[in-house]
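Since this is a predicted model, take the numbers as computed values, not measurements. Side-chain atoms are counted along with the backbone in the values below, which use heavy atoms only and exclude waters and symmetry mates.
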Amino acid sequence: RGDKWYHYLVICIVYQGVAIPIYWIDLNKHGISNTKERKRLMKKVFKSFNIKDKTLIADREYIGTEWFKYLYSSGLYFVIRLKKNTYHEAINKAKGKSIEALIQKVKRSKISHKSVQKSFELDGMKLTFTISKNPDKNAKEELIFLISNRTDVAIKIAFIYRIRWKIEHCFKQLKSNGFNLEAMNVKGKAKQNLMLAIVVFTYVLSVLEGL
């Protein structure tokens with residue numbers, strides 16, 4: 001707004017198919033968050049909620065070996081989308097088919113939800129690399145690449161990741177559809193946080209009424 005950037009880093013919990021924001025911080029900047037900022041958010045979340053053994057789902061800007069190690073050591077599972085050419089050296093080094101061979105296997109399959117997987121090690125962490133067909137037929141990218149510390153089969157990892165879209169639905173509701181958060185010109189950090197809390201609270205009441 002004007003020359004000031006508002007960038008809320010938000011964590012939601014999915015309840016009965018609906019993403020509910022439970023904690024957020026304003027990064028006061030343009031561009032993606034860094035590992036230090038994500039850790040700051042998660043430390044606050046851990047103080048308020050028992051989320052150990054839960055699964056964190058995130059898009060491809062939330063990657064990084066240091067970030068993965070933090071989640072790993074915190075007792076959290078994660079399923080995070082990868083950029084196309086990320087961690088290829090470590091993945092190809094592990095026993096099994098190469099990334100290119102896995103890609104071709106998925107592309108050749110006539111199964112709409114075809115997913116394949118490979119285990120590998122990254123800086124002492126035992127992880128899985130999953131390639132899945134993009135369920136969105138209108139998407140520019142045919143395949144989705146995922147990294148996880150879960151031990152589930154490929155198709156389940158792919159299914160878990162799709163739950164991430166629930167947070168996009170949540171943001172759409174908060175920004176429009178009657179809540180119109182972006183239209184509220186409230187100044188001051190404390191007032192802005194309070195306004196966001198009020199909007200989220202109203203959103204939760206609406207969800208509960210709907211359920």
Side-chain angles (χ1 to χ4, degrees), residues 7-29 31-94 96 99 102 115-132 134 141 143-171 200:
H7 179 176
Y8 285 94
L9 185 60
V10 182
I11 187 166
C12 291
I13 191 161
V14 177
Y15 172 73
Q16 293 196 27
V18 181
I20 305 293
I22 60 171
Y23 222 112
W24 55 85
I25 55 174
D26 184 5
L27 302 182
N28 294 304
K29 70 173 189 179
I32 65 173
S33 62
N34 58 45
T35 300
K36 184 178 179 180
E37 291 164 337
R38 296 171 206 157
K39 285 183 179 180
R40 179 157 56 94
L41 171 67
M42 295 307 297
K43 286 175 182 178
K44 291 178 180 291
V45 173
F46 279 122
K47 286 182 179 180
S48 300
F49 301 95
N50 178 18
I51 61 169
K52 190 176 180 181
D53 296 327
K54 301 298 183 185
T55 300
L56 180 72
I57 312 170
D59 206 4
R60 51 192 156 189
E61 64 264 35
Y62 299 98
I63 63 173
T65 304
E66 186 184 345
W67 172 235
F68 296 151
K69 288 180 76 172
Y70 172 75
L71 297 175
Y72 203 96
S73 63
S74 297
L76 281 179
Y77 293 106
F78 58 85
V79 176
I80 299 176
R81 188 172 180 178
L82 287 177
K83 296 174 183 177
K84 187 176 180 181
N85 298 311
T86 313
Y87 304 117
H88 275 203
E89 184 178 347
I91 297 166
N92 281 328
K93 186 178 178 181
I99 292 175
L102 293 172
S115 303
V116 296
Q117 188 180 74
K118 182 178 181 179
S119 298
F120 73 105
E121 191 169 304
L122 180 67
D123 205 7
M125 296 178 287
K126 293 182 179 180
L127 304 173
T128 58
F129 172 68
T130 302
I131 304 175
S132 179
N134 196 329
E141 297 167 302
L143 304 176
I144 292 176
F145 304 91
L146 303 169
I147 189 170
S148 178
N149 61 340
R150 293 182 63 103
T151 56
D152 304 280
V153 295
I155 191 168
K156 179 154 186 196
I157 294 291
F159 174 78
I160 290 172
Y161 176 73
R162 292 173 193 173
I163 299 173
R164 194 202 70 82
W165 283 103
K166 301 297 182 181
I167 199 170
E168 300 294 348
H169 298 160
C170 171
F171 290 157
V200 168

Any donor and acceptor pair, going by atom type alone, linking the side chain of [X] with main-chain N or O of [Y] inside 3.5 Å?
X: Asn149; Y: Leu76; result: yes
X: Lys118; Y: Ala94; result: yes
X: Ser148; Y: Phe78; result: yes
X: Ser48; Y: Val45; result: no
X: His169; Y: Val18; result: no
X: Arg150; Y: Val79; result: no

Let me confirm one number: the [atom1]-[atom2] distance from [X] to [Y], rounded to the nearest 0.5 Å.
X: Phe145; Y: Ser132; atom1: CZ; atom2: OG; answer: 10.5 Å
X: Thr86; Y: Ile147; atom1: OG1; atom2: CD1; answer: 9.0 Å
X: Asn134; Y: Ile144; atom1: CG; atom2: CD1; answer: 4.0 Å
X: Ile167; Y: Ile57; atom1: CD1; atom2: CD1; answer: 9.5 Å
X: Lys54; Y: Ser74; atom1: NZ; atom2: OG; answer: 15.5 Å
X: Lys93; Y: Phe120; atom1: NZ; atom2: CZ; answer: 12.5 Å

Nearest atoms (heavy-atom pairs only) where [X] meets [Y]:
X: Ile11; Y: Leu56; value: CD1-CD1, 4.0 Å
X: Ile80; Y: Phe68; value: CD1-CE2, 3.7 Å
X: Lys166; Y: Ala19; value: O-CB, 3.4 Å
X: Ile157; Y: Thr130; value: CG2-OG1, 3.8 Å
X: Arg81; Y: Ile63; value: O-CG2, 3.5 Å
X: Lys29; Y: His7; value: O-CB, 3.1 Å

- Query: Run the side chain to side chain contact (heavy atoms under 4.5 Å, CB included) check on Val116 and Phe129 step by step: do they pass?
  - Reply: CA-CA 8 Å; Val116 296; Phe129 172 68; over 6 Å; no
Does atom [atom1] of [X] have more than 12 heavy-atom neighbours, drawn from other residues, nucleotides or ligands, at distances under 6.0 Å?
X: Phe49; atom1: CZ; value: yes
X: Phe159; atom1: CZ; value: no
X: Phe171; atom1: CZ; value: yes

- Item | Partner residues of Lys44 under the side-chain contact (heavy atoms from CB on, under 4.5 Å) criterion, sequence neighbours left out |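 Partners of Lys44 under the side-chain contact (heavy atoms from CB on, under 4.5 Å) test: Tyr23, Ile25, Arg40.
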Non-hydrogen side-chain atoms of [X] and [Y] separated by less than 4.5 Å:
X: Asp152; Y: Gln117; value: no
X: Ser119; Y: Thr128; value: yes
X: Asp26; Y: Trp24; value: no
X: Leu127; Y: Tyr87; value: no

- Task: Identify, with sequence neighbours excluded, every residue that meets side chain to side chain donor-acceptor pair (under 3.5 Å) alongside Glu168.
- Result: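 Partners of Glu168 under the side chain to side chain donor-acceptor pair (under 3.5 Å) test: Arg164.
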- Message: For a side chain to side chain contact (heavy atoms under 4.5 Å, CB included) check, start with the C-alpha distance between Thr65 and Met125, then their side-chain angles and the critical distance, and finish with the verdict.
- Response: CA-CA 9 Å; Thr65 304; Met125 296 178 287; 4.2 Å; yes
- Query: Who passes ring-ring contact (aromatic ring centres under 6.0 Å, His included) against Tyr62, sequence neighbours left out?
  - Reply: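 Per chain and number, Tyr62 pairs via ring-ring contact (aromatic ring centres under 6.0 Å, His included) with no residue.
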- Could you check Asp123, Asn34, Thr35 and say which one makes a side chain to side chain contact (heavy atoms under 4.5 Å, CB included) with Glu66?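 Running side chain to side chain contact (heavy atoms under 4.5 Å, CB included) over Asp123, Asn34, Thr35 with Glu66 returns exactly one hit, Thr35.
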